[in-house]
Amino acid sequence: MGTSGRLIPVEGNVGGEQISSIGRGLCVLLGISLEDTQRELEHMVRKILNLRVFEDESGKHWSKSVMDKQYEVLCVSQFTLQCILKGNKPDYHMAMPTEQAESFYNNFLEQLRKAYKPELIKDGKFGAYMQVHIQNDGPVTIELESPAAAVDPKQLAKLEKQQQRKEKTRTKVPSESSRERNAPRNKDDPSASSGAEGDVSSEREP
């Protein structure tokens, strides 16, 4: 899971209609990975709300969080943060599929509202083509990564390909019939059974 942004003020438009806006605060562009779980979600909620990117009353920078200042947070789902470039073409196979991602995103918003003030958490329209108008103060943009997402996506893709090659080249286990065909036979008696079976039959003779 990755996020970026300290942006003031912000508004999101869909089809020319403004659907959400904030004044001073944070704009969170959220990219959800295939690997993300509840653990990563909780980590990102804590980081976003406690990240010290604002000045204090004396003007000292990097001293206060969005909660300290009682500022707003606008969240926008941004799957393109999970982009992997293949040459000049963006690839998004590391992004969580839409159906799962929407549920994950809504859970993320719910956790933010529980941890802060619900009325100060705003969001865009999931999956919509949005025009996001941002006035970036500073400008300051902070990239946050969850522990799982800290792994290089290119390295993950490389490991996936290696695993696929291993599966393709894995030796097949011979079937029972093939083992019987390949079993060594007694040179003197082609129909003879194994030594163990011969011993058993000889013991039965008087």
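These figures come from a predicted structure and were not determined experimentally. Atom set for the values below is all heavy atoms of this structure, side chains included, hydrogens, waters and symmetry mates excluded.
Of the possible donor and acceptor atoms, one in the side chain of Gln82 sits under 3.5 Å from a partner among the backbone N and O of Gly31. Although no hydrogens or angles enter the test, the distance criterion places no donor-acceptor pair under 3.5 Å between the side chain of Lys117 and the main chain of Glu72. Asp56 places a side-chain N or O within donor-acceptor distance of the main-chain N or O of Ser58, the cut-off being under 3.5 Å. Between the side chain of Glu40 and the main chain of Thr37, a donor-acceptor pair closer than 3.5 Å is present.
Every residue meeting the side-chain contact (heavy atoms from CB on, under 4.5 Å) condition with Asn107, not counting sequence neighbours, appears here in chain and number order: Gln38, Leu41, Glu110, Gln111. With sequence neighbours excluded, no residue forms a salt bridge (charged side-chain N to carboxylate O under 4.0 Å, His left out) with Lys64. Among residues two or more places apart in sequence or in another chain, the side-chain contact (heavy atoms from CB on, under 4.5 Å) test is passed with Arg113 by Leu109, Pro118, Ile121, Asp123. Annotation: salt bridge (charged side-chain N to carboxylate O under 4.0 Å, His left out) contacts of Asp91 (sequence neighbours excluded): Lys86. Residues meeting the ring pair (Phe, Tyr, Trp, His ring centres under 6.0 Å) test with Tyr116, sequence neighbours left out: none.
Within the structure, salt bridge (Lys or Arg N to Asp or Glu O under 4.0 Å) pairs that include any residue of residues 96-105 do not occur (at least two apart or interchain).
Separation of atoms CD (Gln131) and CD (Gln18) is listed at 12.0 Å; rounding is to 0.5 Å. Within the model, atoms OG of Ser146 and CG of Asp36 stand 4.5 Å from one another, a figure rounded to the nearest 0.5 Å. Within the model, atoms NZ of Lys89 and SG of Cys83 stand 11.5 Å from one another, a figure rounded to the nearest 0.5 Å. Taken to the nearest 0.5 Å, the NZ atom of Lys122 stands 6.0 Å off from the OG atom of Ser21.
Taking the six-membered ring where tryptophan is involved, the planes of Phe126 and Tyr105 are tilted, since the angle between them lies from 30° to 60°.
Taking both residues in full, the closest heavy atoms of Glu143 and Glu145 are given as OE2-OE2, 3.1 Å, listed atom of the first, atom of the second, then distance. Minimum heavy-atom separation, Leu81 to Leu30: CD1-C, 4.1 Å. The heavy-atom pair separating Trp62 from Val53 by the smallest distance is CE3-CA, 3.8 Å. The two atoms that bring Ser63 and Arg52 nearest to each other are O-CD, 3.4 Å, heavy atoms only. Residues Leu144 and Lys47 share a closest heavy-atom pair of CD1-CB, 4.1 Å. Heavy-atom minimum distance, Ala95 versus Leu34: O-CG, 3.8 Å.
Each of Leu120, Leu51, Val73, Asn50 was evaluated against Val66; a single residue qualifies, Val73, per the side chain to side chain contact (heavy atoms under 4.5 Å, CB included) test.
Side-chain contact between Ser65 and Phe54 is absent, with no heavy atoms from C-beta onward closer than 4.5 Å. In this structure, Ser20 and Leu74 have side chains that are in contact, with non-hydrogen atoms separated by less than 4.5 Å. Residues Phe108 and Val45 meet the side-chain proximity criterion, which asks for heavy atoms closer than 4.5 Å. Contact check for Arg39 versus His43: no side-chain heavy atoms found under the 4.5 Å cut-off. Residues His61 and Glu55 are in side-chain contact: their nearest non-hydrogen atoms beyond the backbone lie under 4.5 Å apart.
Clustering ILVMFWY residues whenever any of their side-chain heavy atoms sit less than 4.5 angstrom apart, transitively, puts Tyr92 in a cluster other than the one holding Leu29. Met96 and Phe79 fall into different hydrophobic clusters, where Ile, Leu, Val, Met, Phe, Trp and Tyr side chains are chained together by heavy-atom contacts under 4.5 Å. Leu112 and Val28 fall within the same hydrophobic cluster, defined by Ile, Leu, Val, Met, Phe, Trp and Tyr side-chain heavy atoms under 4.5 Å apart, directly or through other members.
Side chains of Asn106 and Ser103: no donor on one and acceptor on the other come within 3.5 Å. Between the side chains of Glu35 and Ser33, no donor-acceptor pair of N or O atoms lies under 3.5 Å.
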